[in-house]
Peer 1: 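The structure is given below, and queries will be raised subsequently.
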Amino acid sequence: FAALCAKYEITDLGTIFGGYNSNWEYLNPDVEYGCIFDERDSHYYKTVIVGDQLWMAENLRYEATIGSSWCFNEKSDDYGACNDYGRYYGGDALETDDPICPEGYRIPSQKDVNKLIDYMKSQDADVEIFMAKTDLWDMSNENAFEGTNTTGLSMLPGGLRGYNNSGFYETGVFADDTHRFHMWLSDKYNGLVGNYTFLFGNIKQWGTTYSVTDKERGFGIPVRCIKE
């Protein structure tokens, strides 16, 4: 199993290629990672401890059997199955008879995110400690800052899949990529209309870099699972 959680392992029998994901290139080499196997579709995921929480260190790639999900720009990458940014899930995939997170994991709540932010503040840091160190983050703005990824969470600026909500986004068009990370939360708002999300960017806006906001379930947003 350990070999499958690496890019490859050289043995007396030759080179054994593992369950390699291209987004593992964005992991922090100075952080110790765990690894889990999702038996449903044979994907491997790196995991990392932040404070007293155990998070997946990459976005979920499981193709929902109930509800909607998409790859970025509707295309698989070279490794297939939406490797870099994971899948973007419609709200109709969040609560079904087929939970989308691997066994033992779940969609995080606002309480989970609050703990993550508390940890960030305890380190006298900002969201740079969550951000993968990569040029995928747009640095063209003079106020933009780079990631340090000291937590190992390796979050990427995958943005979201739009939904025509008050004219800010166009349905089916991917947006906010290059400058914002988004993920669904389990908390609902306004009944079945939508869920809350956690997002942050590499530029401070309105005095902050992150927020918890509501999104209607027509949006496509990534999922980052946390250990139950």
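Sequence positions, counted from 1, serve as the residue numbers for this chain.
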Peer 1: Got a second to check how far Phe200's CZ is from Glu128's CD, nearest 0.5 Å?
Peer 2: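 Rounded to the nearest 0.5 Å, the CZ-CD separation comes out at 10.0 Å.
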Peer 1: Does the Lys NZ or Arg CZ of Lys46 fall within the cation-pi geometry relative to Trp24 - under 6.0 Å from the ring centre and within 45° of the axis?
Peer 2: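 Yes, a cation-pi geometry holds between Lys46 and Trp24.
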Peer 1: Please confirm whether the backbone N or O of Asn143 pairs with a side-chain atom of Asn141, one donor and one acceptor, at under 3.5 Å?
Peer 2: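 Confirmed, Asn141 side chain pairs with Asn143 backbone.
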Peer 1: Any sub-3.5 Å donor-acceptor pair from Trp184's side-chain atoms to Tyr89's backbone N or O?
Peer 2: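 Answer holds: yes.
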Peer 1: Report yes or no: do Asp92 and Ser68 form a side-chain donor-acceptor pair below 3.5 Å?
Peer 2: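 Asp92 vs Ser68: donor-acceptor pair found between side chains.
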Peer 1: Apply side-chain contact (heavy atoms from CB on, under 4.5 Å) to residues Lys133 and Met131 and explain how you reach the verdict.
Peer 2: CA-CA 6 Å; Lys133 296 177 70 173; Met131 294 165 49; over 6 Å; no
Peer 1: Donor-acceptor check, side chain of Asp214 to backbone of Asn195, threshold 3.5 angstrom: yes or no?
Peer 2: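 No, the answer is negative, given that no donor and acceptor are paired below the 3.5 Å cut-off.
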Peer 1: I'd like to check the salt bridge (charged side-chain N to carboxylate O under 4.0 Å, His left out) partners of Asp52; sequence neighbours left out, ordered by chain and number.
Peer 2: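 Checked Asp52 against salt bridge (charged side-chain N to carboxylate O under 4.0 Å, His left out); matches are Lys115.
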Peer 1: Take atom CD of Gln53 as the centre, draw a 6.0 Å sphere, and report whether it contains more than 12 heavy atoms from other residues, nucleotides or ligands.
Peer 2: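 More than 12 within 6.0 Å, yes.
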Peer 1: Compare every heavy atom of Met139 with every heavy atom of Asn202, then report the nearest pair and how far apart it is.
Peer 2: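 So the minimum-distance heavy-atom pair works out to ND2-SD, 3.7 Å.
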Peer 1: Under the side-chain hydrogen bond (donor to acceptor under 3.5 Å, both in side chains) rule, what do Asp84 and Ser22 come out as? Steps first, then yes or no, please.
Peer 2: CA-CA 6 Å; Asp84 280 353; Ser22 61; 2.9 Å; yes
Peer 1: Could you measure the distance from the OG atom of Ser154 to the CE atom of Met56? Nearest 0.5 Å is fine.
Peer 2: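 So the gap between those two atoms works out to 12.0 Å.
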Peer 1: Take a 6.0 Å sphere around NZ of Lys227 and say whether it holds more than 12 heavy atoms from other residues, nucleotides or ligands.
Peer 2: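 Result for NZ/Lys227: enclosed.
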Peer 1: If only atom types and distance count, is the side chain of Arg224 paired as donor or acceptor with the main-chain N or O of Leu153 below 3.5 Å?
Peer 2: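 Flag set: sc Arg224 to bb Leu153 pair under 3.5 Å.
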Peer 1: Considering non-hydrogen atoms only, spot the tightest contact between Asn73 and Phe174 and give its length.
Peer 2: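 Looking at all heavy atoms of both residues, the shortest contact is N-CE1, 3.2 Å.
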Peer 1: From Trp70 CH2 over to Tyr88 OH, what is the distance, rounded to the nearest 0.5 angstrom?
Peer 2: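 If we round to the nearest 0.5 Å, Trp70:CH2 and Tyr88:OH are 11.5 Å apart.
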Peer 1: Can you tell me how far the CD atom of Glu25 sits from the OG1 atom of Thr134, to the nearest 0.5 Å?
Peer 2: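 Nearest 0.5 Å value for the CD-OG1 distance: 10.5 Å.
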Peer 1: Suppose the criterion is disulfide (SG to SG under 2.5 Å): which pairs have a residue in residues 89-141, not counting sequence neighbours?
Peer 2: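 Residue pairs with at least one partner in residues 89-141: Cys101-Cys225.
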Peer 1: Ring centres of Phe130 and Tyr210 under 6.0 Å apart?
Peer 2: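 Judged by ring-centre distance (under 6.0 Å), Phe130 and Tyr210 do not meet the cut-off.
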Peer 1: Identify the two heavy atoms, one from Gly159 and one from Pro222, that lie closest to each other, and give their separation to 0.1 Å.
Peer 2: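 Smallest interatomic distance, heavy atoms only, reads O-CD, 3.8 Å.
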Peer 1: With a cut-off of 6.0 Å (strictly less than), are more than 12 heavy atoms of other residues, nucleotides or ligands near CD of Glu103?
Peer 2: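 Counting other residues, nucleotides and ligands, CD of Glu103 stays at 12 neighbours or fewer.
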Peer 1: Is there a donor in the side chain of Ser109 and an acceptor in the side chain of Asp187, or the other way round, less than 3.5 Å apart?
Peer 2: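 Judged by distance alone, the side chains do not pair up.
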Peer 1: Treating Ile, Leu, Val, Met, Phe, Trp and Tyr as nodes and any side-chain heavy-atom pair under 4.5 angstrom as an edge, say whether Val223 and Leu199 lie in one connected cluster.
Peer 2: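 Per the 4.5 Å side-chain linkage, Val223 and Leu199 are not co-clustered.
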Peer 1: Does any N or O in the side chain of Arg180 come within less than 3.5 Å of the main-chain N or O of Ala175, such that one atom is a donor and the other an acceptor?
Peer 2: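 Side chain of Arg180 to backbone of Ala175, a donor-acceptor pair under 3.5 Å: no, none is there.
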Peer 1: Could you pull out all donor-acceptor pairs under 3.5 Å where a side-chain atom in residues 28-38 meets a protein atom, sequence neighbours excluded?
Peer 2:
from, atom 1, to, atom 2, distance (Å)
Asn28, OD1, Asp30, N, 2.9
Asn28, ND2, Asn149, O, 2.9
Tyr33, OH, Asn28, N, 2.9
Tyr33, OH, Gly152, O, 2.9
Asp38, OD1, Arg40, N, 3.2
Asp38, OD1, Arg40, NE, 2.9
Asp38, OD2, Arg40, NE, 3.2
Asp38, OD2, Arg40, NH2, 2.7

Peer 1: Would you say the side chain of Ile226 lies within less than 4.5 Å of the side chain of Tyr105, judging by non-hydrogen atoms?
Peer 2: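 The answer is no, as the side chains (C-beta and beyond) never meet within the 4.5 Å cut-off.
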Peer 1: Is there a side-chain contact between Arg87 and Leu60 (heavy atoms, below 4.5 Å)?
Peer 2: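 Sidechains of Leu60 and Arg87: no contact.
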Peer 1: Any side-chain donor-acceptor pair under 3.5 Å between His182 and Asp176?
Peer 2: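 Their side chains do contain a donor-acceptor pair, which is all the 3.5 Å distance test asks for.
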Peer 1: One thing to verify: whether Arg106 and Asp112 come together as a salt bridge, which I'm taking to mean a side-chain N less than 4.0 angstrom from a carboxylate O.
Peer 2: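 Salt bridge present between Asp112 and Arg106.
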Peer 1: Checking side-chain contact (heavy atoms from CB on, under 4.5 Å) for the pair Arg217/Lys188: CA distance, chi angles, key distance, verdict?
Peer 2: CA-CA 10 Å; Arg217 292 193 168 191; Lys188 301 184 190 66; 3.7 Å; yes
Peer 1: Would a single hydrophobic cluster contain both Met155 and Ile203, if residues Ile, Leu, Val, Met, Phe, Trp and Tyr are joined by side-chain heavy-atom contacts under 4.5 Å?
Peer 2: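 In one cluster with Ile203: Met155, no.
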Peer 1: Which heavy atom in Pro108 sits nearest to a heavy atom in Met183, and how many Å separate them?
Peer 2: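 Closest approach of Pro108 to Met183, heavy atoms only: CG-CE, 4.1 Å.
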Peer 1: What distance separates Thr197 OG1 from Leu185 CG, expressed to the nearest 0.5 Å?
Peer 2: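 It comes to 6.5 Å.
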Peer 1: Any donor-acceptor pair under 3.5 Å linking the side-chain atoms of Tyr85 with those of Asp177?
Peer 2: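 Asp177 vs Tyr85: no donor-acceptor pair found between side chains.
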Peer 1: Please check if the side chain of Thr47 supplies one atom and the backbone of Trp55 the other of a donor-acceptor pair under 3.5 Å.
Peer 2: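 Pair absent, no side-chain N/O of Thr47 close to backbone of Trp55.
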Peer 1: With no hydrogens and no angle check, is any side-chain donor or acceptor of Thr151 less than 3.5 Å from a backbone partner on Ile129?
Peer 2: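 Between the backbone of Ile129 and the side chain of Thr151 there is a qualifying donor-acceptor contact (under 3.5 Å).
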Peer 1: Donor-acceptor check, side chain of Gln123 to backbone of Lys121, threshold 3.5 angstrom: yes or no?
Peer 2: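 Such a contact is absent between Gln123 side chain and Lys121 backbone.
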Peer 1: For Phe219 and Tyr169, I'd like to know if the aromatic rings sit close, meaning centre-to-centre distance below 6.0 Å.
Peer 2: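 Here the rings of Tyr169 and Phe219 have centres that are less than 6.0 Å from each other.
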Peer 1: Give a yes or no on this: more than 12 heavy atoms of other residues, nucleotides or ligands lie within 6.0 Å of atom CD of Glu228.
Peer 2: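 Yes - once you tally the heavy atoms of other residues, nucleotides and ligands closer than 6.0 Å, there are more than 12.
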Peer 1: Could you check Tyr196 against Val113 for side-chain contact (heavy atoms from CB on, under 4.5 Å), going step by step and ending with a plain yes or no?
Peer 2: CA-CA 11 Å; Tyr196 285 94; Val113 165; over 6 Å; no
Peer 1: Give a yes or no on whether the backbone of Lys215 and the side-chain of Tyr163 come within a donor-acceptor separation of less than 3.5 Å.
Peer 2: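 Answer holds: no.
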Peer 1: Check step by step if side-chain contact (heavy atoms from CB on, under 4.5 Å) holds for Ile117 and Phe198.
Peer 2: CA-CA 11 Å; Ile117 296 301; Phe198 172 60; 4.0 Å; yes
Peer 1: Would Leu116 and Val212 show up in the same hydrophobic cluster when neighbours are defined by side-chain heavy atoms closer than 4.5 Å?
Peer 2: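 In one cluster with Leu116: Val212, yes.
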Peer 1: For the CG atom of Asn164 and the OG1 atom of Thr171, what is their distance to the nearest 0.5 Å?
Peer 2: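 Asn164 CG to Thr171 OG1: 4.5 Å, rounded to 0.5 Å.
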